[in-house]
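Working notes, structure below.
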Amino acid sequence: MSSQKPLIIPWLKSQIDNSEYPGLTWVNPEHTRFRIPWKHGLRHDRSDHDFKIFEAWAIANGTYHPDRDLPNPSVWKRNVRSALNRKSEVKLIEDHSSDSNDPHKIYEIINQSSRSSLEATEDSEAVEDGTSPSTDSPWLEEVPGDPCNLYNLSRALEELEPLSNPVQESGHSDLSQPVLEATPQQVSPIDQFFPDNTLATDFEVKVFYRGVLVLTTMVRNPRGFRLTSHLVPRPREDLEDIVLPEPSPWIRDPEVARMINTVLRSLVPGLLLEVKGGNICGMRLGKCKGFWTMTQNPQPGELQEVLKEEYTVLYTTQQFVTELIDFMDRRRPHSPHYSIWLCLGEHWPDDRQKPWNKKFIMVQVTPVVFKMLHEMSYSTGASSLQGSDVNLQISDSLSSNNLLSFLHEWEEKMEIEACT
């Protein structure tokens with residue numbers, strides 16, 4: 001226990017009153033609401049000046065010594081966020097940290113005195129210092145491993161609630177109280193989806209011949225899979241094989257069936273979809289060209305080809321999380337497009353703007369983790385529930401602020417990884 005260290009709220013109030021840090025200001029005459037600059041460390045226009053207030057808090061509470069420690073702006077910022085979220089008399093009311101022009105957050109001091117006698121406890125000081133002991137969360141290991149089972153996910157989130165909202169443990173039933181963000185020592189449900197900051201997901205794969213669904217399968221291999229038309233010796237034993245079927249049971253037009261078979265013969269060596277870190281990449285091994293988009297109705301433009309014997313990044317976790325945050329914050333009118341559409345053997349899109357259901361072979365690849373987080377964003381307020389019982393189950397277990405907090409935390413982890 002360190003009684004010499006300052007408390008976050010009085011310290012921040014003094015910094016605001018001193019007007020030493022641009023952007024750190026009161027936003028109402030009563031001095032109960034304040035804004036604090038909050039620029040992500042991965043932005044190209046970042047500078048050391050953007051993190052001065054976070055550095056000052058790290059120096060003030062003794063977790064950073066400029067004369068001996070290496071600077072780590074992302075950790076400084078994370079510790080300020082954790083310290084603020086630990087205080088019941090402060091709540092985050094507006095999060096504009098993804099604003100391209102003026103990234104910031106606005107907090108409100110809702111009770112300036114009632115917890116003054118409690119702020120100096122070992123628990124509060126430990127969190128402010130970023131040294132809180134780790135919290136065991138066995139529910140992550142007890143949940144069955146099928147990521148498609150939304151019921152199991154909702155049960156896991158229900159068990160998470162006491163960890164993420166300790167206000168209820170004391171019998172406080174006011175649901176307007178802020179839900180705590182996970183500190184670096186707590187286990188976030190996002191970590192279940194992105195262990196060690198990598199993507200771990202199943203893939204839902206659908207194959208269409210001229211718009212007719214001919215195959216639906218679930219890939220359980222988190223490394224990825226190979227699309228092929230014949231089981232030949234695998235070039236990659238660690239990937240799962242998906243064998244595309246013959247067209248005859250579904251396609252009656254003999255000429256169309258012949259063209260599909262021609263494409264299938266050239267596909268034999270395979271087209272790989274592989275997870276590499278947080279990226280979903282593609283690579284073709286044979287003659288069959290592949291083109292990809294993130295929507296089944298792309299606008300005419302430059303072709304995106306899956307390169308031969310060279311990895312092509314098709315989609316990234318960073319892009320999905322950023323777009324999902326913007327969607328939930330109402331800065332993006334539509335939810336992210338996270339299904340990858342592959343067209344085999346033909347240009348896609350083409351000059352004639354031929355619709356996807358007129359192409360010989362189309363493959364839709366949906367990362368299940370992205371689909372689940374997308375459904376959760378709808379159930380937590382990004383859109384209407386549309387009468388879904390599953391969505392209602394999940395919405396009872398995870399608030400929109402909580403999900404947003406976990407997503408923002410993941411973004412900040414990525415910042416730290418990029419800086420190390």
Atom pair NZ/CD1 of Lys13 and Ile109 - distance to nearest 0.5 Å | 5.5 Å

Could you go through the ring-ring contact (aromatic ring centres under 6.0 Å, His included) check for Phe327 and His334 one step at a time?
-> CA-CA 6 Å; Phe327 172 59; His334 306 292; 8.5 Å; no

Report yes or no: does Tyr21 contribute a side-chain atom to a donor-acceptor pair with the main-chain N or O of Ile36 at less than 3.5 Å?
-> no

dist Gln15:CD -> Leu24:CG (nearest 0.5 Å) comes out at 7.5 Å

Would you find a donor on one side and an acceptor on the other, under 3.5 Å apart, between the side chain of Thr317 and the backbone of Gly278?
-> yes

Would Lys91 count as a cation-pi partner of Tyr107, with NZ or CZ less than 6.0 Å from the six-membered ring centre and within 45° of the ring normal?
-> no

From OG (Ser377) to CE (Met372), nearest 0.5 Å = 12.5 Å

Gap between atom CE of Met362 and atom SG of Cys343 - 0.5 Å precision | 5.0 Å

Kindly indicate, with the supporting measurements, whether the criterion side-chain contact (heavy atoms from CB on, under 4.5 Å) is fulfilled by Leu303 and Trp348.
-> CA-CA 7 Å; Leu303 294 173; Trp348 171 254; 5.6 Å; no

Side-chain ion pair, Asp102 and Lys39, N-O less than 4.0 Å | no

Between Glu20 and Asn18, is any side-chain donor less than 3.5 angstrom from a side-chain acceptor?
-> no

Check for a donor-acceptor pair, side chain of Ser229 on one end and backbone N or O of Leu264 on the other, with a separation under 3.5 Å.
-> yes

Would you call Glu240-Arg226 a salt bridge at under 4.0 Å N-O?
-> no

Has the side chain of Arg210 got a donor or acceptor atom that lies under 3.5 Å from a matching backbone atom of Lys358?
-> yes

Side-chain contact test, heavy atoms from C-beta onward, threshold under 4.5 Å: evaluate it for Val219 versus Ile242 and give yes or no.
-> yes

Between Phe54 and Trp38, is the ring centre distance below 6.0 Å?
-> yes

Where is the tightest heavy-atom contact between Thr316 and Val313, given as atom of each residue plus distance?
-> CG2-CG1, 3.7 Å

Run the numbers on Leu407 and Met328 for side-chain contact (heavy atoms from CB on, under 4.5 Å), then give the verdict.
-> CA-CA 11 Å; Leu407 293 173; Met328 295 182 69; 4.1 Å; yes

Please report the C-alpha distance between Tyr315 and Phe370 in whole Å, then the side-chain angles of each, then the deciding distance to 0.1 Å, and finally whether the side-chain contact (heavy atoms from CB on, under 4.5 Å) criterion is met.
-> CA-CA 11 Å; Tyr315 196 56; Phe370 295 164; 3.7 Å; yes

Met218 and Val368: CA distance, side-chain angles, deciding distance, side-chain contact (heavy atoms from CB on, under 4.5 Å) verdict | CA-CA 9 Å; Met218 187 67 68; Val368 173; 3.7 Å; yes

Rounded to the nearest 0.5 Å, how far does CD of Glu274 lie from CG of Asp238?
-> 6.5 Å

Identify which one of Val275, Thr217, Asn221 satisfies the side chain to side chain contact (heavy atoms under 4.5 Å, CB included) criterion when paired with Phe203.
-> Val275

Salt-bridge test for Glu94 and Lys105: reply yes if a basic N is under 4.0 Å from a carboxylate O, no otherwise.
-> no

Looking at side-chain heavy atoms only, is the closest gap between Leu244 and Tyr209 below 4.5 Å?
-> yes

In terms of side-chain heavy atoms, does Thr63 have a donor or acceptor partner in Asn61 at a distance below 3.5 Å?
-> yes

State, yes or no, whether a side-chain contact exists between Leu272 and Leu285 at a heavy-atom distance under 4.5 Å.
-> yes

Do you know the tightest heavy-atom contact between Gly282 and Leu314?
-> N-CG, 3.8 Å

Shortest non-hydrogen contact from Trp11 to Ala60?
-> NE1-CB, 3.6 Å

Could you pull out the closest heavy-atom pair between Leu344 and Val263, with the gap in Å?
-> O-CG1, 3.7 Å

Interatomic spacing from NE2 in His65 to CD1 in Ile59 - rounded to 0.5 Å = 9.0 Å

Side chains of Leu342 and Leu227: closer than 4.5 Å at any heavy-atom pair?
-> yes

So Phe208 and Trp341, would you call those rings parallel, tilted or perpendicular, with 30° and 60° as cut-offs?
-> parallel

Thr198 side chain reached by Lys276 side chain, heavy atoms, under 4.5 Å = no

Less than 4.5 Å apart, any side-chain heavy atom of Pro367 and any of Ile280?
-> yes

Can you find a pair of side-chain heavy atoms, one from Lys77 and one from Val80, that are under 4.5 Å apart?
-> no

Which atom of Met294 lies closest to which atom of Ile340, heavy atoms considered | SD-CG1, 3.8 Å

Would you find more than 12 non-hydrogen atoms of other residues, nucleotides or ligands less than 6.0 Å from Asn28 atom CG?
-> yes

For residues Trp76 and Tyr64, establish whether the separation of their ring centroids is below 6.0 Å.
-> yes

Under 3.5 Å, is there a donor-acceptor pair between the side chain of Gln304 and the main chain of Trp292?
-> yes

Would you kindly say whether Thr295 and His337 are connected by a side-chain donor-acceptor distance under 3.5 Å?
-> no

So, does Ser97 use its side chain to make a donor-acceptor pair with the main chain of Pro103 at under 3.5 Å?
-> no

Is the number of heavy atoms from other residues, nucleotides or ligands within 6.0 Å of NZ (Lys287) greater than 12?
-> no

Ring centers of His347, Phe291 separated by less than 6.0 Å = yes

Less than 4.5 Å apart, any side-chain heavy atom of Leu213 and any of Val207?
-> no

Taking all heavy atoms of Glu346 and all of Ile361, pick out the closest pair and write down the distance.
-> OE2-N, 4.4 Å

